[in-house]
Every structure is written in C-alpha cells, then in structure tokens.
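Input: a single structure, listed below in structure tokens.
Computed from a predicted model, the values in this text were never measured in an experiment. Letters go in sequence order (proteins before strands), and every chain restarts at 1.
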Amino acid sequence: QILSGGALDEGAIEDLEAVLLGADIGVEATERIIERLRASTGGAAGAADYRRIIAAELLLIIGETPKPPPPAGAPRVIVVIGVNGVGKTSTIGKLAYRLKSEGSSVLLAACDTFRAAAIDQLELWAERAGVPLVRQQMGSDPAAVAFDAVQAARSRGIDVVIADTAGRLHTRVNLMDELRKVFTVLSTRMEGVGLEGWLVLDANTGQNSLRQAEAFTAGLPITGLVLTKLDSTAKGGAVIAIQQKLRIPVLYVGLGEGIDDLAPFDAEEFVAGILG
Amino acid sequence: DLSDKFARVFKELRGQGKVREAHVQSAMREVRRALLEADVNYKVARDFVARVSERSLGQAVLASLTPDQQIVKIVHEELVSLLGARNAPFNLSGNPAGIMIVGLQGSGKTSFAAKLAVHVRKKGRRPLLVAADIYRPAAVEQLSVLARQISAPVYAPGTDRSVVEIVEGGVREARRQLCDTVIVDTAGRLHVDRGMMKEIADAKRALGPEETLLVLDSMTGQEAVRVAEEFLREVDFTGVVLTKLDGDTRGGAALSVASVTGKPIVFACVGEKPDDLEAFYPDRMASRILG
Ligand SMILES: Nc1nc2c(ncn2[C@@H]2O[C@H](COP(=O)(O)OP(=O)(O)OP(=O)(O)O)[C@@H](O)[C@H]2O)c(=O)[nH]1
Ligand SMILES: Nc1nc2c(ncn2[C@@H]2O[C@H](COP(=O)(O)OP(=O)(O)OP(=O)(O)O)[C@@H](O)[C@H]2O)c(=O)[nH]1
Ligand SMILES: [Mg+2]
Ligand SMILES: [Mg+2]
C-alpha cells in the first residue's frame, strides 16, 4: 500500500493508540502524543517511523526529569510512602540491601505501627538485608518512632535511615495529616537531617496513580518515585502523565519479590517495555 | 459529568434538525472517553460503546424530546446489567465449605480473609482461617494477628509445609474444631507465573472449594482483563472481590473483569478493618465508573 504525500497510515496510528492506552498512559496523554505524531510526520511514513517518533517523545517526557542529588544533611532520611499494598515494605528491604552493598550504612525505622504484623514483616527484611531496625510497640506514634530511629542513626554514625510507613489512601484526611506530622517532626526537631520522601506506585494501577501522586506530593518533600511490580504484564504508563505534571523522577523499579529485585530506573528500557 | 457532556452535545447539534447518527456518534465518543478515564480496558470500552451505540440509534432515542437523557439511561442500564451479571448468591453449603482466596500481590486477600470470616459468622457459620501463604515474610503472623483480633480460629502450621499439605491439614483441623467453613488465604502471585498458578490449581484440587474468589484491587488498570482471563483459565474462580473502594479510583477494572469473565462481583471491601465489607451494588458502581 503506497501512501501519497500527506496521507497518514490510520491503521498504524490506531494500533499505536491501542498500545499506549493499553499501557495505562491514559486517554489525555495518549491523545496529545498521537496529535503530536500527526503533526510531526509527513506522508510516506509508516508504522516503524511512527513508533520511532513516539518512542522519542516518551523518552523526552520520562527521561528529561533530572535525578536530584539527595538533600544535604546527615543522616540521609528517606520516608517511604504510598497507598496500601503497593510494595513499600518490600522495597525498603531491597533498597537497604542495595545501599549497604554500595557502601552505605543503613538503619530501618518501623513507622507502620498500625497494620497487623507490619513490624514483623520489616524485621524479617532487616535481617535479610543485614541492617539494624528501630521499632516500638504496635499502636505507638509513627513520628516518635521516626525520631527515635534518626537519633539512633546519629549516635551510631549511620549514613541512611529508611522509614517504612503504613499504607494509606490519600482520600483519608486524618491519615495524610499523620504522615505530614512524621515529616514535620523530623524537619523541625532534628536539625541538619537530609530529609526526603519517596512515593511508591504499583505498575498494575491505572489512572489513580496520578491522583495518588498529586495528593502525596502536596506539601511533602517528595523527591522520587519507585514503580513496583513491573515484572507483571502491566507497563506502568501512568508515570508518563505524572512526569508531565509533577516532574518527579522514577528512581527505582521493583521487578519481583526477592531482595535483589530492585533496579535503578532505566528510561529506555521502560519505553521499550511500553512499545514492545 | 457524562450527563452534562451529552446535554452539550445535543444542544450544540440541535440547530441541525432532528437527532441523527452524528449526534449519537458524538455522544458515544464521550462515553468511550469516560470509560477509558475510568480505567476500563480499551477493548472492553470499544465493545461496550458498540452495544450502546446500537441501542442509541433506535427510535426510542431518535424520536425522543430528550435524546441525551435517553442515552444516559441506556449507558447506565447496560453498565448495570454487565456489572450485575449472574448475581449468584454466595454458595456455602458444604461441610466444611471451602473458600479459596486468590489474586495478585498486595490486592487485599489476607485482610479480606478476616472480613469474610466475620461475614460468614454473622450468617451463623463457624469459620476456620487457613494460612497458606508460605512465601511473604510474616504473612502467617499477619493472618494469625487478624484471627486473634476477630476471635476466630486459625490453622497456621508455618512455612515448612507445602500449600497442598496446609490446605489438607486445614480441612482436617476444621473437622476437629467443628468449623463448617474453611477460608484459605494464599500468597499473592502473578497471573503469568506458571509455577505459582499451578500451585494454586493443585491447592484448589486438594480443597475442593465451593467458592474460589479472585481478589482484585479496584484501582487496577488496563491489565485487569489479562489478569482475570489468566486466573479464569488456570484456576477458574466463582466470584470477584473488589478492594480499596474507599479510595477515589473510578474502578473501571470492575467492568473489564465482569464483561470478560461473566463472573459475579460478590463483595466490595471499603477499608482496612474486618468490618469494612459490603455487598457489591452494581448501580452504585456504574455511577462511579461514569464519574
Ligand atoms: N511481583 C512483585 N511483587 C512485589 C513487588 N514489590 C512488592 N511485591 C509484593 O507485593 C506485596 C505487598 O508488598 P508490601 O511490601 O507488603 O507492600 P506495602 O506497600 O508495604 O503494603 P502495606 O504496608 O500493607 O500498605 C507483597 O506480596 C510483596 O512481595 C514487585 O516488584 N514485584
Ligand atoms: N483502604 C483499604 N485498604 C485495604 C483494603 N483491603 C486491604 N487493604 C490494605 O491493603 C494492604 C494489603 O492488604 P493485604 O491483605 O496484606 O493484601 P494481600 O493481597 O494479602 O497481599 P499479599 O499477600 O502480599 O499478596 C494492607 O495495608 C491492607 O490493610 C480496603 O478495602 N481498603
Ligand atoms: Mg508495608
Ligand atoms: Mg496476603
């Protein structure tokens, strides 16, 4: 089928639109990408060219957000947040193991003082990673545990504190306030810590990931995203819209349930995963 | 919302005389967009729009003085009929009756097991919880803590036995404790993990359950179709449980799963506590999906 100048291969465009939608990129972001594709390609281009143009576009969106250096201060404190079941606790275990293998000393803070066996779960990960854990009773104040942990890290000269928090839906105002308090206590009562928050998102989640990102980053120092469960068949395309709107980089991806299943985010691999 | 969008479509086109196919096509584009924004799988959305489009091109709409309202009604009706398809009551007739809980990682299975135990107890049954997740750190402890919180017996022999052995042990334990309902919590697994899917098929054979429930996170995106299809093929479930409906996700995954598998959505989870379980209401879900 020969395309005359100016004629677009509508079949190929429809196929690519289906790929983008199927990757959870969302209808608005997909429309814009397809619009720009139509505008930027002349006639006589076909499926392969369209794919290349879209890949470049996605790479521009997802790859252009710079990874900021960790905030100045010691110890470095990473508070891991996100909705229920996305993989916060597992990610912390994997991250502790990775940072330790990269030469940092790490301490974990069990600030999920609510969910059944949450502290036990983190404790097992701490053992696996070979790092110390600071914990209190179930039901204790998460901010108090965080404070304790950072104080312990300070006195022991530990480089990084990673705090696990309870899963919470961003629609629960009281739970979001509780989270804000953890950050406030650390930033106001712990002089000189390098405080940051990482938001964990599940690659299986659809457009709600964007709602989550907007809600969790409002008024909190969120410097990075972790996208888990990319070993599933879901493509995690919701992070495209998140990049466009919030410019927060994806730092790591979760690729399974083992301690080694955490990898630094690779934009090219991610885009290749979407476009196949 | 969709009603307003339709009203605008028909108002804009009103000057062009009687309602025609163009009006309906424009309205259908709005429907498709609303469904995609709600995470309905794009193929499911396409098929759904095709059905609604056909009905909307009938005389009831074209001859109506309020065609936009007619179409909204059709969309809502079609959604409800798909979501409420085959609303079979939850079947608990065996002794012990077995219920197996399966699904992806983190979907809410363990929490749901406790909620289900509370629910069947209200119906006069005596549940035994069975901790068959031998992989996730402290999964057995999690179910044991929940069981203690709701004062229900739990069979949790630890992680040194196989899942099949734990299921068989659970049935024996139910008989021993005079429990008439065995609720088996299993590990989260990927629908494409052949080994893990085989494990659950073997466990199901050992349990011979009356109900196998797929627990699905209501914020699941496009992949909900594939997840449901794989679980249907490898395990064959009897019902679906939607979790985390207390959030603000539109929940289009519900339509995807219902229309692709034809299985009923039997429960809605609306919180973390053992009491946060509701029956599933198709009309409420339809309104939620349409935004
Ligand atoms: N396949 C896969 N499973 C994962 C990944 N990350 C976490 N999981 C699994 O997802 C489930 C939930 O993980 P958790 O670490 O407990 O999640 P969480 O966010 O801490 O959960 P809550 O504290 O209850 O909110 C567990 O079964 C994990 O093994 C991943 O990258 N891939
Ligand atoms: N807000 C809310 N949270 C829920 C709901 N159902 C479960 N959760 C939470 O979601 C998280 C995951 O629940 P689990 O019961 O551990 O999920 P799971 O499917 O057993 O996880 P795996 O065993 O790791 O696959 C926990 O934090 C639960 O408290 C719900 O309906 N609403
Ligand atoms: Mg956790
Ligand atoms: Mg579980």
Side-chain angles (χ1 to χ4, degrees), chain A residues 17-28 30-31 83-90 93 114-125 127-128 138 166-172 175 202-209 211-212 215 228-229 231-238 254 256-257, chain B residues 32-43 45-46 104-111 114 135-149 187-193 216-227 230 243-244 246-253 271-272:
Chain A
E17 188 196 37
V19 167
L20 296 177
L21 286 174
D24 285 311
I25 285 186
V27 68
E28 189 187 316
T30 297
E31 275 178 0
V83 303
N84 307 72
V86 292
K88 299 177 292 299
T89 307
S90 318
F114 167 73
R115 206 210 67 208
I119 300 174
D120 300 313
Q121 184 187 7
L122 188 66
E123 186 139 52
L124 285 166
W125 275 109
E127 278 171 34
R128 278 183 189 173
M138 202 168 143
R168 70 203 67 223
L169 294 186
H170 49 290
T171 45
R172 292 281 310 268
L175 297 183
D202 185 333
N204 292 299
T205 301
Q207 297 311 296
N208 200 250
S209 276
R211 295 280 260 284
Q212 293 170 25
T228 61
K229 309 181 195 172
D231 48 320
S232 181
T233 53
K235 305 296 194 290
E257 302 188 75
Chain B
R32 177 178 176 269
R33 190 190 186 83
L35 296 177
L36 291 175
E37 284 171 347
D39 287 329
V40 175
N41 178 273
Y42 73 92
K43 288 199 196 115
R46 184 194 55 205
L104 294 181
Q105 289 90 346
S107 59
K109 299 174 292 299
T110 305
S111 322
Y135 304 102
R136 169 172 155 156
V140 172
E141 283 85 340
Q142 185 187 4
L143 189 66
S144 303
V145 168
L146 290 175
R148 192 163 52 245
Q149 284 177 356
R189 67 203 61 228
L190 292 185
H191 49 302
V192 288
D193 185 331
L216 186 73
D217 193 325
S218 59
M219 55 182 107
T220 306
Q222 296 285 309
E223 227 37 37
V225 162
R226 181 138 181 227
V227 172
E230 297 284 347
T243 61
K244 307 177 200 171
D246 46 321
D248 59 2
T249 188
R250 298 259 294 268
E272 298 191 72

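Contacts of A:Glu257 with chain B are made by side-chain atoms alone, with heavy-atom separations under 4.5 Å and no backbone atom involved. Only the side chain of B:Leu104 comes within less than 4.5 Å of a heavy atom of chain A; its backbone N, CA, C and O stay farther away. Of the atoms belonging to A:Val86, not a single heavy atom falls under 4.5 Å from chain B. Of the two parts of A:Glu123, neither the backbone nor the side chain holds a non-hydrogen atom closer than 4.5 Å to a non-hydrogen atom of chain B. For B:Arg148, no part lies under 4.5 angstrom from a heavy atom of chain A. For B:Glu272, the part lying near chain A is the side chain, with the backbone staying farther off; criterion is any non-hydrogen pair under 4.5 Å. Only the side chain of A:Arg128 comes within contact range of chain B, with at least one heavy atom under 4.5 Å from a heavy atom of that chain.
In terms of non-hydrogen atom pairs under 4.5 Å with chain A, the most contact-rich of B:Asp39, B:Leu36, B:Thr249, B:Leu146 is B:Asp39. Highest contact tally toward chain B, considering only A:Ala234, A:Gly93, A:Ala215, is held by A:Ala234 [criterion: heavy-atom pairs under 4.5 Å]. The residue among B:Arg46, B:Arg32, B:Gln149, B:Lys244 with the most heavy atom pairs within less than 4.5 Å of chain A is B:Lys244. Of the listed residues (B:Asp248, B:Val227, B:Asp246, B:Thr220), the one with the most heavy-atom contacts under 4.5 Å to chain A is B:Asp248. Residue with the most contacts toward chain A among B:Ala139, B:Gly106, B:Pro137: B:Pro137 (heavy-atom pairs, distance under 4.5 Å). Most heavy-atom pairs under 4.5 Å with chain A: of the set B:Lys43, B:Glu141, B:Arg136, this distinction falls to B:Arg136.
Rounding to the nearest 0.5 Å places CG of A:Leu122 at 10.5 Å from CD of A:Glu127. Note: A:Gln121 CD to A:Thr89 OG1 = 4.5 Å, rounded to the nearest 0.5 Å. The line from CD of A:Gln212 to OG1 of A:Thr171 is 9.5 Å long, rounded to the nearest 0.5 Å. To the nearest 0.5 Å, atom CG of residue B:Leu190 and atom OG1 of residue A:Thr233 are 8.0 Å apart. One finds the OG1 atom of B:Thr243 at 9.0 Å from the CG atom of A:Asn84 (value rounded to the nearest 0.5 Å).
Shown here for A:Gly206 and A:Asp24, the closest heavy-atom pair between the two residues is CA-OD1, 3.8 Å.
B:Met219 places a side-chain heavy atom less than 4.5 Å from the side chain of A:Leu169. Using a 4.5 Å cut-off on side-chain heavy atoms (C-beta onward), B:Gln142 and A:Arg115 make contact.
Under the 4.0 Å criterion applied to side-chain N and carboxylate O atoms, A:Glu31 and B:Arg33 are assigned as salt-bridge partners.
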